[in-house]
S.K.: 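What follows is a single structure, and I will ask about it in a moment.
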Amino acid sequence: MPIRKLTMIATAAALTAASLAYAGSHLTQTQQRAVDARQSQMQLNGFNIGALGAMVQERIPYDAEVAAAAAANLAALASIDQTRYWVEGTDSSVEGTRAKPEIWADMAGFTAANAALAEATTDLAAVAGDGLDAMKAAFGPVGKACAVCHEVYRVPNN
Amino acid sequence: MGWFATRPLPLPPDALEGLTPDPENGALVFAAAGCASCHVAADGPADLMAGGMRFVSDFGVFVAPNISSDPVQGIGDWSDLELASAIMRGVGRNGEHLYPAFPYATYNKADTQDIVDLIAYLRSLPASDRANEPHELAFPFNQRFALGAWKALFVSTDWVMTEADTPQLQRGRYLVEALGHCAECHTARGALGGLQRDLWLAGAANPSGDGRIPNITKGALSWSEPEIAEYLKSGFTPDFDTAGGSMAAVVRNTSQLSDVDRAAIAAYLKAIPALAKVAP
């Protein structure tokens, strides 16, 4: 009997360890959906800033209508409430996200960085349709706002 | 005899003779050499070189020194020759070897004129009285005399790109290999911390633990020369992501260079051997 009991304890311990390991490397549905949502937002940011950036670098001709629409999208995206994005346990220690733990450790700084992006994109949206020079001037601060956040709160690529 | 061969060798006393400093060019050298990326105060203004930034490595923690113009804590009281010896020879004011966290193995290829200009610019920056902290290194890495042997093994004044046929490539080589010290992060190191020159710019482990530092040879980097130059100017990748992590600080420096210099760096990166996607 004692041997059987020992086996049971060992099995239970192994199962517990296994399930903990599973929980450590797999996200719950709530966590996964939050990660998907914020990554989708980054995709939309990239899609819109890409059009503007290509005009700024004069890779494509300036188009007032396209520029105004893309800038309005960026401003709208930056205004989205992010409260439910930053679920505990979804930092870069788990597979599939580059969100640094600094986001959670410094939520006030992170929120301020987002507010700076909202302000810069609002300014850009106000002038993006007014000609290439006006758009270029307002585009710089948006790029800076992107960069500040990527420097501190995102794990580098690669 | 062994000691003699590995003793600290400062610049000769007449090394700077006849050179007139140009602080304006010094500002460009300062940006191209990336001084601020390591020496800037963590929470101070962008021109305050108070030091204090910590660099975790396999050998311990290096703490960037105060190189502001303060005469006590900074470099205000150092002579030009003392500073040039530190920058180009890795020899401190008291004749001691400096640790190669300071990239003198890169700066040893710089033009002495550029270094004289750099020093003049450095002296024009504001003073900070922040006291220096010692590096936190375990035995045997805290034994400075051993650095002489390290220098003999790993410090070379030879270019990695031995043939640079055009003025643009020569300028690119100078910016990358003599000032920019790109390789200090982008090239893998051996067990003793020396750069593996046969894996030049092919990527490396990130000592801070955040992912890997990318391979920037043609083996992995598919961007065109104008795209590389644009990245070094604005921080935007071709698909309009932005530079992150430590590279964001590098772009703050390269954004101050001329378009011609950024194009030269891009041309250099396209001219070096393409290495396989993953370096060990």
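Proteins come first, then strands; the chains are lettered A, B, ... in the order of their sequence lines, and each starts at number 1. These values consider heavy atoms only, across backbone and side chains, with no hydrogens, waters or symmetry-generated copies.
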S.K.: Where is the tightest heavy-atom contact between A:P156 and B:G245, given as atom of each residue plus distance?
M.R.: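 It is CG-CA, 4.0 Å.
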S.K.: Does atom NZ (B:K233) have a neighbourhood of more than 12 heavy atoms from anything else shown, all under 6.0 Å?
M.R.: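 No, not enclosed.
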S.K.: Please walk me through it: do B:D241 and A:H150 pass side chain to side chain contact (heavy atoms under 4.5 Å, CB included)?
M.R.: CA-CA 9 Å; B:D241 193 354; A:H150 292 168; 3.4 Å; yes
S.K.: Using 0.5 Å steps for rounding, measure from the CD1 atom of A:I49 to the CZ atom of B:F236.
M.R.: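 One finds 4.5 Å between CD1 of A:I49 and CZ of B:F236.
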S.K.: Are more than 12 heavy atoms from other residues, nucleotides or ligands located less than 6.0 Å from atom CD of A:E119?
M.R.: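 Check fails, neighbour count at 12 or below.
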S.K.: Is it true that B:R252 and A:E151 have a side-chain N and a carboxylate O under 4.0 angstrom from each other?
M.R.: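 Yes, this pair counts.
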S.K.: Near A:R33 CZ, under 6.0 Å, is it more than 12 heavy atoms from other residues, nucleotides or ligands?
M.R.: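 Open.
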S.K.: Are more than 12 heavy atoms, taken from residues, nucleotides or ligands other than A:K144, located less than 6.0 Å from that residue's NZ atom?
M.R.: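 For A:K144, atom NZ is not crowded (no more than 12 foreign heavy atoms under 6.0 Å).
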S.K.: Return yes when atom CZ of A:R59 has more than 12 non-hydrogen atoms of other residues, nucleotides or ligands closer than 6.0 Å, and no otherwise.
M.R.: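 Yes, because the 6.0 Å sphere around CZ of A:R59 holds more than 12 heavy atoms from other groups.
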S.K.: Counting only heavy atoms from other residues, nucleotides and ligands, does the tally under 6.0 Å from CZ of A:F47 exceed 12?
M.R.: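 No, not enclosed.
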S.K.: Under 4.5 Å heavy-atom distance to chain B, tell me which part of A:F139 shows up: side chain, backbone, both or neither.
M.R.: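 Side chain only.
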S.K.: Quick check for you: to the nearest 0.5 Å, what is the distance between A:Q57 atom CD and B:E227 atom CD?
M.R.: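 Atom-to-atom, A:Q57:CD and B:E227:CD are 8.5 Å apart.
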S.K.: To check you understand the geometry: which heavy-atom pair defines the closest contact between A:C146 and B:T242, and what is its length?
M.R.: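 Heavy atoms of A:C146 and B:T242 come nearest at CB-CG2, 3.6 Å.
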